There are 2 protein chains.
Amino acid sequence: MVRHIVVTSVVDAITEDLREQVVNGELPPGSPLTELDVSTRYEVARSSARAAIERLTSEKVLVRRNHKTARVVELGPDDVRDIYNTRIYLESEVLRRLAGLRRVPVSSRTANSEIAELWRGGSYQIVDPDMRFHTGLIDSVDSARTSAAYHSLAFEVKLCMAQLQGRQALSPQIIVAEHARILELIELGDADGAAAMLDEHLSRARELLVGSLGGTPGPEAEWPSSAAPGAPIRQDAAPAVIE
Amino acid sequence: MVRHIVVTSVVDAITEDLREQVVNGELPPGSPLTELDVSTRYEVARSSARAAIERLTSEKVLVRRNHKTARVVELGPDDVRDIYNTRIYLESEVLRRLAGLRRVPVSSRTANSEIAELWRGGSYQIVDPDMRFHTGLIDSVDSARTSAAYHSLAFEVKLCMAQLQGRQALSPQIIVAEHARILELIELGDADGAAAMLDEHLSRARELLVGSLGGTPGPEAEWPSSAAPGAPIRQDAAPAVIE
DNA sequence: GTGGCAATATTGTCCGACAAGTAGACAACT
DNA sequence: AGTTGTCTACTTGTCGGACAATATTGCCAC
């Protein structure tokens, strides 16, 4: 199937489209992406496909070992723990600074209202506004590198979400309340309180995610493209090693 | 026991070598790197040179816009501020955690001893052990992503150092004392104290760096690609340290 | 001098080719 | 049997050349 793309640069477009396909689950974790595959699907030269794959590999969206074909990254419980802990490390100190200034970013407040709204509307698709709440806090300190680091983590969270296709839900009610409490503590200038609340908030989310990733092995899906019938996939883990 | 072996590819090798040349100043900030240039210098195909350049671009070692040739990144005062602020954000919370556990990483302690030793020996080449002090703290929380983020920042600090070829110095004596104080406060479980000390420590370094980057416009030199008569400054006796 | 045009340099993309590495199957050998 | 060797099919890593699109430079006319 030929996929259409808008041309900024061929490689840019392919990279973007593939990334999109990964986050929305069209390319499930672990599915292989050969250079030829990509080049024919988009009708471009192999070198261009290769470049796109390399970029996504450097972004950790794909993983590839030496002479082997790239695969969509699979995030396990350990990764989730790591991602959330790093989020906590980064966001805690930012929160303390904001509390010191008693400054609450508008974008975070509106994002939290959105979640509440969605919840009242019966929707549970709150991942996006939830992320905006947090990135709003981070971005408000106006540090490009801090923002970049956090956004990278946020992207990985999205990958996790794509991975467990909407099973698992965190109660929007609790989320909204905790977010509100965090903003309140910032306004009160209570740095320790805000940091503690954030820790609790993210730690709960972390444990829930870890549980639903590690606890339930899930439906153990097949990877559609180019897999022989009844292929027992995914037993390799060792790179170029010698015993 | 499983032993790992590394097999380097052409692109890997070039990438590494170029990166090395950037950090040790052989390729000064702003110098252009055309694909043809690189491909002929290393005697490889242009596609390989291109791949290496793209990797370094994604690492922020080089910068490149649309159809223009890549250049070695130039870090200005704003970048330095950003880098150090992000360091502070990340490292503060890690320090608090360590203080909570009253845990002092051995590697940081030994690294600080090294600085003291070098200072007593009359040397001012303390950038490396200084970084090891800080990465020792970060790495001790055992989070791959946190470490990766911090190491990326540390690399940018190295770039800054390369950029101002050893004018400017921060007294090793003060550095060692502050490091020691930080470790002491961790041992005492004083999270706030440790975080405050770190803030002071890094903020001073930041301001010094910002000053010597922004205040002095510098020699505003031409970029002589590969060996022009004008020998770079590089006097090794001079205090060549900023933190 | 300055605007504009032509020559040049450099990138972005394509193609085709081939060596080298990986993986699975199957035969051969001890 | 179980280990080892070989074959084949697939894929990656690298090469070299080619060409259009774009950026840079230098020159010319005004």
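Given the structure is predicted, the values throughout are model-derived calculations rather than measurements.
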The nucleotide from C:dT11, C:dT13, D:dC15 with an atom nearest the side chain of B:A45 is D:dC15
B:R71 atom CZ is separated from C:dT11 atom P, nearest whole Å, by 11 Å
Atom CD of B:E43 and atom C1' of D:dG16 are separated, to the nearest Å, by 15 Å
- Taking NZ, NE, NH1 and NH2 as the nitrogens, is one of them in A:K60 or A:E156 under 4.0 Å from a carboxylate oxygen of the other? no
query = Does B:A144 offer a backbone N or O that forms a donor-acceptor pair with the side chain of B:S147 under 3.5 Å?
reply = no
Using a cut-off of less than 4.0 Å, is there contact between a side-chain N or O of A:R50 and OP1 or OP2 of C:dC15? no
To the nearest angstrom, the NZ-P distance between B:K68 and D:dA21 comes to 21 Å
It should be established whether A:S9 places a side-chain nitrogen or oxygen under 4.0 Å from OP1 or OP2 of nucleotide C:dT13. yes
Separation of C:dG12 atom P from B:N66 atom CG, nearest Å, is 7 Å
Measuring to OP1 and OP2 of C:dC14, would you say a side-chain N or O of A:S48 lies under 4.0 angstrom away? yes
Between B:E59 and B:R55, is there a side-chain N and carboxylate O pair less than 4.0 Å apart? no
From the candidates C:dT10, D:dC19, C:dT22, the one with an atom nearest any side-chain atom of B:R46 is D:dC19
Looking only at C:dC15, D:dC15, C:dT11, the nucleotide nearest the B:V10 side chain is D:dC15
CD (B:E207) with more than 12 external heavy atoms under 6.0 Å: yes
Between CD1 of A:I14 and P of C:dG12 the distance, given in whole Å, is 14 Å
Please check if the number of heavy atoms outside A:E16 that lie under 6.0 Å from its CD is greater than 12.
no
Rounded to whole Å, the CD-P distance (B:E35 to C:dG12) equals 6 Å
Of the listed C:dC14, D:dC15, C:dT22, the closest approach to the A:H67 side chain comes from C:dT22
Rounded to whole Å, the CZ-C1' distance (A:R65 to C:dA20) equals 19 Å
*Establish, with yes or no, whether the OP1 or OP2 oxygen of D:dA23 is under 4.0 angstrom from a side-chain nitrogen or oxygen of B:R64.*
no
Ranking C:dT10, C:dC15, D:dC15 by distance to the side chain of A:S47, first place goes to C:dC15
Rounded to whole Å, CG of B:L36 lies from P of D:dA18 at a distance of 15 Å
